[in-house]
Amino acid sequence: MPSDTAPSAARKDFIREMVAEDVAANRFGRPVTTRFPPEPNGFPHIGHVKSVCLNFGIAREYGGRCNLRFDDTNPFTEDIKYVEAIKRDVEWLGFTWDSELYASDYFEKLYEIAEDLVKRGKAYVDSQTEEEIRVNRGTVTTPGSPGPYRDRTPDENLDLLRRMKAGEFPDGAHVLRAKIDLAHPNMIMRDPLLLRIRHAAHYRRGTAWCLYPLYDFAHGLSDAIEGITHSLCTLEFKDNRDIYDWLVHEAGFERPPEQTEFARLELDYTVLSKRKLLKLVNERRVSGWDDPRMPTISGMRRRGVTPEGLRNFAEAIGVARKPARTELATFEHYIRDDLNMRVPRVMAVLNPLKVVLTNYPENQVDELDASYYPHDVPLTGSRKVPFSRELWIERDDFMENPPKKFFRLAPGREVRLRYGYFITCTDVIKDASGNVVELRCTYDPATRGGDAHDGRKVQGTIHWVSARHALDAEVRLYDKLFTVPDPDAVDEGQEFTGTLNPDSLVVVPGAKIEPSVAKDPIGTRYQFERTGYFIGDTVDSRPDHLVFNRTVTLRDSWAKVKGGGAGGGQ
RNA sequence: UGCCCCUUCGUCUAAAGGUAAGACAACGGCCUUUGGAGCCGUGAAUCGUGGUUCGAUUCCACGAGGGGCAACCA
């Protein structure tokens, strides 16, 4: 194992502390074994990243194993396409599972355990309606009461159970319940349901099997069957731990897994419930599960986020028992931090303003050297960028009446064109309604490459592209999907979709980009100098119609100086 | 209203009875052919009240606040 994956002595989270102690004591008598247990009913998202990094990370750090197990116990909601998405995304994140397993493969084993429970009087077949079961469970403040079927004999229960399995009864006619205590202070323990009848097509089991285990019955026992040592799950399963322990004990497992709960990820301006994400997809609020605005792994991948950036983020936020909400700035920081060190810089003008260099020869073209990386990124490489008499610059980089701290182009002012020449604005051309439509500038031939050999200073450096050589591009500027930090916290009767951000996607159809990108494969990541990080869209970009997605903006300290809104963009 | 869990800078996470630390964010400066990056610096927290102790963020009690649980979902 490489030393850099070894658990560091300091700053271990409470789960790693526990695992380290268990390893030292050889508590389980087997290697550390964890699992990532998604239900295949949706695409995995940034919240799953936290869990994946935790489970696979711990297995790697302690020389153990981590399984990928699909908790596929509900035929109504699950689909093979989600299995495929989950596998692809976990691999893309950089993890390899030791075994690929399915709870649906344990249905027979689970059934055997169910028969055993019945024979020992620990479980019974209940034939109340769903409504009756709910009513007789009581409430948080009042105890439940036993239903009329609770005292059926083991023989009677066994007969019924076998006939349930044989498919003799319709959905909902009977359920198998653990016989524990209808007045238990923990609601979960009030005779929890174990098996229910579902005459439905399961994506793996087809229609041959009709007895589906519920989460509580399937999860802990699946863990135990697989020899899991540390079963890590989110806080809302804390109360379920009682039934987890009860079942693995009743099933007779030696040194069963131990469940430990941690706080799930909550991210500002983001929704992470699969139900809500599905709704966004179904109602076409987004283009699909992989819409770059989605917090799904596939959406973030299409947006240009890297696996390393995601992993660094997951490590940075840590793991604890306190429910916690992370600021978007934290996420963006780790994404930028990773991109900064790896992607080439190119020049693209999103909102073009024409510049004519009046002292530059009409048909001359200069090929300028431009490094792909700034001085402080330890990567090398460069390309040639064509320079000519007519250029595009960013409209925001010119102001006719600039305020005090504006360092860019203005009438009479000199700026540096990145990797090009110093230019000075001599004339401002306007249309009939007074809009600036073109600038006339002069360039200084002695400043080729951007160096003033006489020691002259300019305050600003701006990006540009040669008008004649520029490629047209569509640029998609993505911003946060919601306008409020906690879109889940809507008033009673309100839909969370009411806080969707109408400007979460701004399409810029007429961007101009330097020609060097034509040779790069679709899906190449760049920094557009002074603008942000972008990626060629893997779905819609074509050589004759380039499309770039903004991954994240650069930090924009000018936006703060200027006042006004900060540079947007998750 | 019953049971359970949680509470440390604005945010996230450390400190296992002994100087409250780091990251993100903020602010100031330096540097800069990206108003990027980097570097340096500043401000910023133990929910409250008691108790145990030489000493409490840590242990205990009570209170307050937040969260979870009453699906044939997971």
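Order of the sequence lines fixes the chain letters, A, B, ..., with proteins taken first and strands second; residue numbering starts at 1 for each chain. The analysis underlying the following values was restricted to heavy atoms, covering all of them including side chains, and did not include hydrogens, waters or symmetry mates.
A64(B) sits 15 Å from G48(B) when the P atoms are compared, rounded to a whole Å.
Looking at heavy-atom distances under 4.0 Å, His184(A) makes no contact with the nucleic acid at all. Residue-level contact check: Asp376(A) touches the bases, meaning some heavy atom is under 4.0 Å from a base atom. Using a 4.0 Å heavy-atom criterion, one finds that Glu132(A) contacts no nucleic acid atom at all. Within 4.0 Å of Val377(A), counting heavy atoms only, lies no atom of the nucleic acid at all. Using a 4.0 Å heavy-atom distance criterion, Glu394(A) is classed as making no nucleic acid contact. As judged by a 4.0 angstrom heavy-atom cut-off over every strand, Gln527(A) is placed among the base-contacting residues. Among the atoms of the strands shown, only primed sugar atoms or phosphate atoms (P, OP1, OP2) are found under 4.0 Å from some heavy atom of Arg134(A). Glu130(A) comes within 4.0 angstrom of a nucleotide base, judged by non-hydrogen atoms across all strands. Lys405(A) comes within 4.0 angstrom of a nucleotide base, judged by non-hydrogen atoms across all strands. Within 4.0 Å of Tyr334(A), counting heavy atoms only, lie sugar-phosphate atoms of the nucleic acid but no base atom. Here Asp216(A) lies out of heavy-atom contact (under 4.0 Å) with every strand. At a threshold of 4.0 angstrom between heavy atoms, the contacts of Thr142(A) with the nucleic acid are absent. Within 4.0 Å (heavy atoms only), Asp451(A) reaches at least one base atom of the nucleic acid.
Under 4.0 Å is where a charged nitrogen must lie from a carboxylate oxygen, and between Lys179(A) and Asp191(A) no such pair does. For Glu308(A) and Arg342(A), the salt-bridge test passes: some basic side-chain N is under 4.0 Å from an acidic carboxylate O.
The base of A74(B) has none of its N or O atoms less than 3.5 Å from a complementary donor or acceptor on the side chain of Glu236(A).
When the side chain to side chain donor-acceptor pair (under 3.5 Å) test is applied to Asn312(A), no partner is found at least two apart in sequence or on another chain. Annotation: ring-ring contact (aromatic ring centres under 6.0 Å, His included) contacts of Tyr372(A) (sequence neighbours excluded): none. Among residues two or more places apart in sequence or in another chain, the ring-ring contact (aromatic ring centres under 6.0 Å, His included) test is passed with Tyr421(A) by Phe387(A), Tyr443(A).
In this structure, Tyr82(A) and Trp289(A) have perpendicular ring planes: the angle between them is above 60°, well past the 30° mark.
Seen from the ring of Phe107(A), Arg205(A) does not count as a face-on cation partner, given the 6.0 Å and 45° thresholds.
From Lys50(A), atom NZ reaches atom CD of Glu266(A) across 9.0 Å, with rounding to the nearest 0.5 Å. Note: Thr306(A) OG1 to Leu339(A) CG = 6.0 Å, rounded to the nearest 0.5 Å.
Side-chain polar atoms of Gln128(A) and Asn136(A) form a donor-acceptor pair below 3.5 angstrom. Between the side chains of Glu236(A) and Thr234(A), at least one donor N or O lies within less than 3.5 Å of an accepting N or O.
Taking atom CG of Asp337(A) as the reference point, atom P of C39(B) lies 10 Å away to the nearest angstrom.
When the nucleotides G36(B), G35(B), A16(B) are ranked by their closest atom to the side chain of Phe406(A), G35(B) comes out on top. For Arg137(A), taking side-chain heavy atoms from C-beta onward, the closest of the listed nucleotides U34(B), C72(B), G35(B) is C72(B).
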Bracket notation of RNA chain B in which parentheses pair within the strand, [ ] cross earlier pairs, and | pairs with another strand (Watson-Crick or G-U, under 3.5 Å): .((((((..((((....[..)))).(((((.......)))))....(((((..]....))))))))))).....
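Aromatic rings from Phe548(A) and Phe528(A) are positioned such that their centres are separated by under 6.0 Å.
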Between the protein and nucleotides 26-31 of chain B, list the N/O to N/O atom pairs that are separated by less than 3.5 angstrom.
{"from": "A26(B)", "atom 1": "OP1", "to": "Lys560(A)", "atom 2": "NZ", "distance (Å)": "2.7"}
{"from": "A26(B)", "atom 1": "OP2", "to": "Arg555(A)", "atom 2": "NH2", "distance (Å)": "3.1"}

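An OP1 or OP2 oxygen of G35(B) is reached within less than 4.0 angstrom by a side-chain nitrogen or oxygen of Arg530(A).
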Reading 5' to 3' through nucleotides 2-12 of chain B, protein heavy-atom contacts under 4.0 Å coded B for base, S for sugar-phosphate only, - for none: BSSSSSS-BSS
Worked verdict on Tyr102(A) versus Phe70(A) for ring pair (Phe, Tyr, Trp, His ring centres under 6.0 Å): CA-CA 5 Å; Tyr102(A) 295 81; Phe70(A) 293 96; 5.1 Å; yes
